[in-house]
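Numbers here simply count residues along the sequence, with the first being 1.
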Amino acid sequence: MYEARLGFQEPPFALVPDPRYFFASRGHRQALQHLVFGIRRGEGFVVVTGEAGTGKTTLCRTLLKRLGPDVETALILNPSQSEAELLLTILGDLGVKTPAFATRKELLDVLTTHLLERRAAGKRVVLIVDEAQALPVPILERIRLLSNLETDREKLIQIILVGQVELSAKLCHRSLRQLNQRVAVRFRLPRLRPRETRAYVQHRLCRAGSEGRDLFTPGALQLVHGFSGGVPRLINVLCDRALLTMYGRRLRRVRGSTVRLAWRSLYPSWDPVHGAVGHRMSLRAVACAVGLALALAGAMTMRMWPLP
C-alpha cells in the first residue's frame with residue numbers, strides 16, 4: 001500500500017527468507033562461516049540454533065547461494081515426515097529418480113549409489129534440515145545413520161541441522177548421545193544488537209529501493225530495537241506496520257510515537273514479545289509490588305509485636 005508512494009520497488013519488510021535481504025550482522029556472518037567451514041571439513045554434523053525469528057531459514061537460503069558447483073544440496077523445510085518420506089524428499093531435491101512404491105531399504109540403496117557416484121565425480125553432497133527441533137527422536141536417529149554412509153576415508157554426505165534452541169536440549173536426549181557426539185561444529189545465532197538493528201532496517205530499506213532515504217528517526221529505531229528485542233522477524237513486522245501508520249497519517253518520517261502506535265496495533269495488551277521494553281517494565285512493576293508487599297508485611301509485624 002505504502003510502497004509506491006515511498007518509491008519502493010518491493011515491500012522492504014516482507015516475511016520471506018529472501019537471500020537478497022540477508023543482513024551480515026556479526027552473528028549471522030559467523031554462523032555462515034561456521035556452516036561453510038563444516039561443509040569444507042566434511043566431518044560429523046553441523047548444528048546451528050537460534051530463537052524463533054532470528055533468521056535461520058534466510059541463513060540456509062543464503063548458504064545455498066554461496067556454495068559452489070562442486071556441492072549438491074538437499075534442503076528439508078518440513079521435518080514432520082516419516083523416514084521413507086524423508087528419503088524421498090532428499091532424493092527428489094538431489095534430482096534422483098526413484099522407483100514407484102520403493103521400500104525404505106530400496107530408497108536407501110538408491111541414495112547410497114548416488115552418493116558414491118557424486119563422490120567419484122569429485123562433488124560433495126550436503127543435507128540441510130531446517131526446523132530440526134521438530135524432528136522426532138527416532139527420525140533424528142535415522143538421520144544419524146545416514147552419516148554412516150562413508151568410504152574408508154570420508155563421509156559421503158554432510159548433515160546440517162538448523163533449529164530453535166530446543167534442538168540443543170533434544171540432542172542431549174540419552175538415545176541421541178551418538179549423534180550428539182558426532183556434532184563437529186555448533187553455533188547459536190544471537191539477536192541483533194542496537195547498532196545492528198539500525199543497520200538492518202536501513203539495509204532492507206535500501207535493498208527495496210528507498211535510495212538511502214532516512215525514513216526512521218534515531219528515536220524510532222531505538223524503540224524498534226527495544227520492542228523487538230533485536231529479533232529480525234519482529235523488526236520486520238513492526239517496521240512494516242510503522243511505515244503503514246506513517247503513510248496513513250501523511251507523515252514524512254517514522255518517529256517514536258509512530259512506532260508506539262504501530263506496536264499497540266499489533267499487540268494491544270502492550271506485552272512486547274520475547275521480552276523487550278514492556279517486559280522490562282513489567283519486571284520493574286513486579287519488583288515494586290514485591291517491595292511494597294514486604295514493606296507492608298514489615299509494618300504489620302512491628303504493629304503486632306512492637307519493640308520493648
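Minimum heavy-atom separation, Ala102 to Leu107: CB-CD2, 3.8 Å. Closest approach of Ser147 and Arg182 over heavy atoms only: OG-CD, 4.2 Å. Here the closest non-hydrogen pair linking Val46 and Gly38 is CG2-CA, 3.8 Å. A pairwise comparison of heavy atoms in Ala134 and Pro79 identifies CB-CG, 3.8 Å as the closest pair. Heavy atoms only, all atoms of each residue included: Val254 and Ala220 are closest at O-CB, 3.3 Å. Closest of all the heavy-atom pairs between Thr197 and Gly230 is OG1-CA, 4.0 Å.
Two residues are said to be in side-chain contact when any heavy atoms from C-beta on lie closer than 4.5 Å; Leu127 and Ile160 fail this criterion. Taking 4.5 Å as the limit, some side-chain heavy atom of Asn148 sits within range of a side-chain heavy atom of Leu145. Looking at Pro232 and Phe23, their side chains never come closer than 4.5 Å, going by heavy atoms from C-beta outward. Arg198 places none of its side-chain heavy atoms less than 4.5 Å from the side chain of His225. Inter-residue side-chain proximity for Ile157 and Val126 is flagged as unmet; no heavy-atom pair is nearer than 4.5 Å. Considering only heavy atoms from C-beta on, Val36 stays 4.5 Å or farther from Ile39 through its side chain. Contact check for Leu205 versus Phe13: side-chain heavy atoms found under the 4.5 Å cut-off. Within the 4.5 Å cutoff, the side chain of Leu32 has heavy atoms near those of the Phe22 side chain.
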Pair Glu10-Arg204, salt bridge (charged side-chain N to carboxylate O under 4.0 Å, His left out): steps then yes or no = CA-CA 10 Å; Glu10 55 191 5; Arg204 294 194 69 101; over 6 Å; no

query = What's the verdict on salt bridge (charged side-chain N to carboxylate O under 4.0 Å, His left out) for Glu196 and Arg191, showing C-alpha distance, side-chain angles and the deciding distance?
reply = CA-CA 9 Å; Glu196 292 174 332; Arg191 300 180 179 196; over 6 Å; no

inquiry  = If you apply the rule side chain to side chain contact (heavy atoms under 4.5 Å, CB included), what do you find for Leu87 with Arg142, and how did you get there?
reply    = CA-CA 10 Å; Leu87 287 171; Arg142 290 296 182 180; over 6 Å; no

ask   = Could you go step by step and tell me if Phe227 and Ile235 meet the side chain to side chain contact (heavy atoms under 4.5 Å, CB included) rule?
value = CA-CA 8 Å; Phe227 284 132; Ile235 295 172; over 6 Å; no

request  = Start with the C-alpha distance between Arg104 and Leu88, add both sets of side-chain angles, then the distance that settles side chain to side chain contact (heavy atoms under 4.5 Å, CB included), and finish with yes or no.
outcome  = CA-CA 9 Å; Arg104 181 185 65 80; Leu88 282 170; over 6 Å; no

key: Worked check of side chain to side chain contact (heavy atoms under 4.5 Å, CB included) between Leu161 and Val48   = CA-CA 6 Å; Leu161 301 178; Val48 175; over 6 Å; no

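For the residue pair Asn236 and Tyr200, a side-chain donor N or O sits within less than 3.5 Å of a side-chain acceptor on the partner. Using modelled atom types and a 3.5 Å distance limit, the side chains of Ser265 and Arg241 yield a donor-acceptor pair. When only modelled atom types and interatomic distance are considered, Glu141 and Ser175 share no side-chain donor-acceptor pair under 3.5 Å. Arg186 and Asn180 share a side-chain donor-acceptor pair at under 3.5 Å.
Remark: Arg195 CZ is loosely packed, at most 12 non-hydrogen atoms of other residues, nucleotides or ligands lying under 6.0 Å away. Annotation for Arg253: atom CZ counts as buried by contact number, over 12 foreign heavy atoms lying within 6.0 Å. Within 6.0 Å of the CZ atom in Arg255, the count of heavy atoms belonging to other residues, nucleotides or ligands does not exceed 12.
Linking Ile, Leu, Val, Met, Phe, Trp and Tyr residues whenever their side-chain heavy atoms come within less than 4.5 Å leaves Val71 and Leu116 in two separate clusters. The hydrophobic cluster containing Leu244 also contains Leu238, counting ILVMFWY residues as joined when their side-chain heavy atoms lie under 4.5 angstrom apart, directly or transitively. Residues Leu91 and Ile159 fall within the same hydrophobic cluster, defined by Ile, Leu, Val, Met, Phe, Trp and Tyr side chains chained together at heavy-atom separations under 4.5 Å. Residues Leu167 and Val231 fall into different hydrophobic clusters, defined by Ile, Leu, Val, Met, Phe, Trp and Tyr side chains chained together at heavy-atom separations under 4.5 Å. Residues Phe45 and Phe37 do not share a hydrophobic cluster, clusters being chains of Ile/Leu/Val/Met/Phe/Trp/Tyr side chains in contact below 4.5 Å.
Between the Lys56 side chain and the Glu51 main chain, a donor and an acceptor come within less than 3.5 Å of each other. Checking side-chain atoms of Arg29 against main-chain N and O of Ala24 turns up a donor-acceptor pair under 3.5 Å. Using modelled atom types, one side-chain atom of Asp93 and one backbone atom of Leu75 make a donor-acceptor pair closer than 3.5 Å. Looking at Glu106, its side chain does come within 3.5 Å of a backbone N or O of Thr103 through a donor-acceptor pair. Checking side-chain atoms of Gln158 against main-chain N and O of Lys155 turns up no donor-acceptor pair under 3.5 Å. Remark: side-chain polar atoms of Gln133 are not paired, donor with acceptor, to backbone N or O of Val165 under 3.5 angstrom. For Arg207 (side chain) and Arg20 (main-chain N/O), a donor-acceptor pair under 3.5 Å exists by modelled atom type. Side chain of Glu85 to backbone of Ser82: a donor-acceptor contact under 3.5 angstrom is found.
Each ring-ring contact (aromatic ring centres under 6.0 Å, His included) pair with one or both residues in residues 171-193, not counting sequence neighbours, appears once here: His34-Phe187.
Lys123 has no carboxylate O lying under 4.0 Å from a charged side-chain N of Glu117, or vice versa, which leaves the two without a salt bridge. Ion pairing of Arg124 with Glu72 is absent here, as no side-chain N (NZ or NE/NH1/NH2) approaches a carboxylate O to less than 4.0 Å. One finds no salt bridge joining Asp130 and Arg61 here, because no Lys/Arg side-chain nitrogen approaches an Asp/Glu carboxylate oxygen to under 4.0 Å.
In this structure, CG in Leu215 is found 10.5 Å from SG in Cys239, a value given to the nearest 0.5 Å. A distance of 5.0 Å separates CD1 in Ile143 from CG in Leu86, rounded to the nearest 0.5 Å. Note that CG of Leu266 and CG of Leu234 are 9.5 Å apart. Values are rounded to the nearest 0.5 Å. Rounding to the nearest 0.5 Å places CD of Gln81 at 9.0 Å from CG of Leu135. Distance check: Leu35 CG to Arg66 CZ gives 11.0 Å after rounding to the nearest 0.5 Å. Taking CG from Leu94 and CG from Leu115, the interatomic distance works out to 7.5 Å, rounded to the nearest 0.5 Å.
Between His203 and Tyr21, the ring planes lie perpendicular to each other; the angle is over 60°, past the 30° to 60° tilted range.
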